[in-house]
Amino acid sequence: MNEFFNQFFDFTVMGDHFDEVLDGFFRNLLVFALAGALALAWGLVLALLRQLPSKKFLPVRGITIAYIDVFRAIPILGVILLISGSIPYLEFIPKDIRIPHWFGQPDPYWYGVLALTLVYGAYMAEVYRAGIEAIPRGQIEAARSLGMSHGQAMRHVVVPQAVTKIPAPMLNELISLLKDTTLVGVIALGEALLIAREVQAETFNASAYVLGCAMFLVVCLPAARLVDYLIKRNQTKVARGSHIAV
Amino acid sequence: MLSLQGVHKRFGDLEVLRGVDLDVARGEVVCILGPSGSGKSTLLRCVNLLEPPEEGAIFLEGQDICKGPGSGTGEQSWNLDFVRQRVGMVFQQFNLFPHKSVLENVTMAPRRVLGKSREEADGKAKALLERVGLGDKLSQYPERLSGGQQQRVAIARALAMDPHVMLFDEVTSALDPELVKEVLDVLRELASEGMTMLVVTHELGFAREVGDKVVFMDGGVIVEEGRPADVLDSPQQERTKKFLGLVLER
């Protein structure tokens, strides 16, 4: 029984490698921070392209919908591998761009950020879309009848209201994104679980894995509670009727 | 001022407007009556191109607004700008912007569309809100206001764009009965100042008192039109008689 316990909770292994794993976890956070910010922006762009009015923009809408569908349907790992396995070898691209080492970050970091942004942009677009479609049609009509363009109506009337309706699903996506940053370990970014894997290979002991996972737990558990709180708060608001734009 | 000629509008297989002709002179108040589904609201929405008509012509100050460079679609932006800077609209459900204060609701379009400075837009908005009796609610948010107050803000918001024609789409239908008067009073005042108005309403008293012309619509066409006293007191058409009978029976 003790052997079993030690396989997962050997505090000597954890203590010896704590700093390395924590360093790795900071890399996860670094990928998360940039990919999260970019995906939030890219997702909004996609959602707005999808909402463009009139027949004129039918091709744009079609391409956007296809993009969102495809990137939601393929594995993130596949996107990471496709990018890291192709861009470095496209020799018509200047070397500084196809093998980037910007701001002291290694190229796997940038491939990971790009892949996660492309995929999570599609997820975020769906979240924004839910928010946008929850805004009554009359809001756009009122804005348009006052002479605002479609873009102005979206920017000043629809989007500011839409984002207040979606913090909970948005946070859910961000939690998933943080966990999915571990996938970038596959292309040799020294993130928490990749470091833990090296420790495991040395010691044949899984405690470093437990340690790595615990670090995610510390961040994600409070975030999950926050999601629940936001959902509950939103429900009471709706119940009180203040959400319904009468 | 405003002239509709043979206006048709379809939603899929459903033909909502089946050839509407209507002339509105400057300063005239035209009240549009009719059962639900008769096309009254759609008619208003055609006039400001929220629903561009498929056939027919709408002349606004001499300009055919349905005929843009692409012709017949009404989607051309020079048309939209031309129309929406001249035509204001107030909706049944108010459609105030809930994330903006009363003052910001009124100033948003003048600032964003006309590019007015904050001072200029604020000054004008305050005067308009004063006029509709809401000078003390500037910093309130719409959800704190009664329906009647919200609707008066919506009217001020439309007036802030200096429209030449105002469209009112059943603006008192969503209000509690005791709040109807305060909104109708604003409409009365506007009419007395010479605003050109198209008013879709079920308030026969208002139509009689304020309207210069009453139009009765049914089935996507104008069944009868004339001076309020003529249409309301001695309707010629069976459909009008039946409708007025049902409304007056209440």
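The chains referred to below are lettered A, B, ... by the order of the sequence lines, with proteins before strands, and numbering in each begins at 1.
- Taking a 6.0 Å sphere around CZ of B/Arg10, one finds it holds more than 12 heavy atoms contributed by other residues, nucleotides or ligands.
- Looking at B/Arg45, only its side chain comes within 4.5 Å of chain A, counting heavy atoms on both sides.
- Only one option out of B/Leu49, B/Val90, B/Asn48, B/Val83 pairs with A/Ser145 in a side-chain contact (heavy atoms from CB on, under 4.5 Å); it is B/Asn48.
- Listed options B/Gly88, B/Ala109, B/Ala158 were ranked by heavy-atom pairs under 4.5 angstrom with chain A; first place goes to B/Ala109.
- Side-chain contact between A/Gln139 and B/Pro98: present, with at least one pair of heavy atoms (C-beta onward) separated by less than 4.5 Å.
- By the 6.0 Å contact criterion, CZ on A/Phe103 is open, its count of non-hydrogen atoms from other residues, nucleotides or ligands being 12 or less.
- More than 12 heavy-atom neighbours from other residues, nucleotides or ligands sit within 6.0 angstrom of CZ on B/Arg111.
- The 12-atom threshold is exceeded at NZ of B/Lys116, counting heavy atoms of other residues, nucleotides or ligands nearer than 6.0 Å.
- A distance-only check finds a donor-acceptor pair linking the side chain of B/His99 to the backbone of A/His156 [under 3.5 Å].
- With a threshold of 4.5 angstrom between heavy atoms, A/Gln152 approaches chain B through side-chain atoms but not through N, CA, C or O.
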With a 3.5 Å cut-off and sequence neighbours excluded, list the donor-acceptor pairs that the side chains of residues 119-142 of chain B form with protein atoms.
residue, atom, partner, partner atom, Å
B/Lys124, NZ, B/Asp162, OD1, 2.5
B/Lys124, NZ, B/Asp162, OD2, 2.9
B/Arg131, NH2, B/Glu193, OE1, 2.7

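- Heavy-atom minimum distance, A/Leu146 versus B/Val113: O-CG2, 4.0 Å.
- Nearest heavy-atom pair, B/Phe97 versus A/Ala142, reported as atom, atom and distance to 0.1 Å: CE2-CB, 4.2 Å.
- Counting heavy-atom pairs closer than 4.5 Å to chain A, the top residue among B/Arg112, B/Met89, B/Lys100, B/Met161 is B/Arg112.
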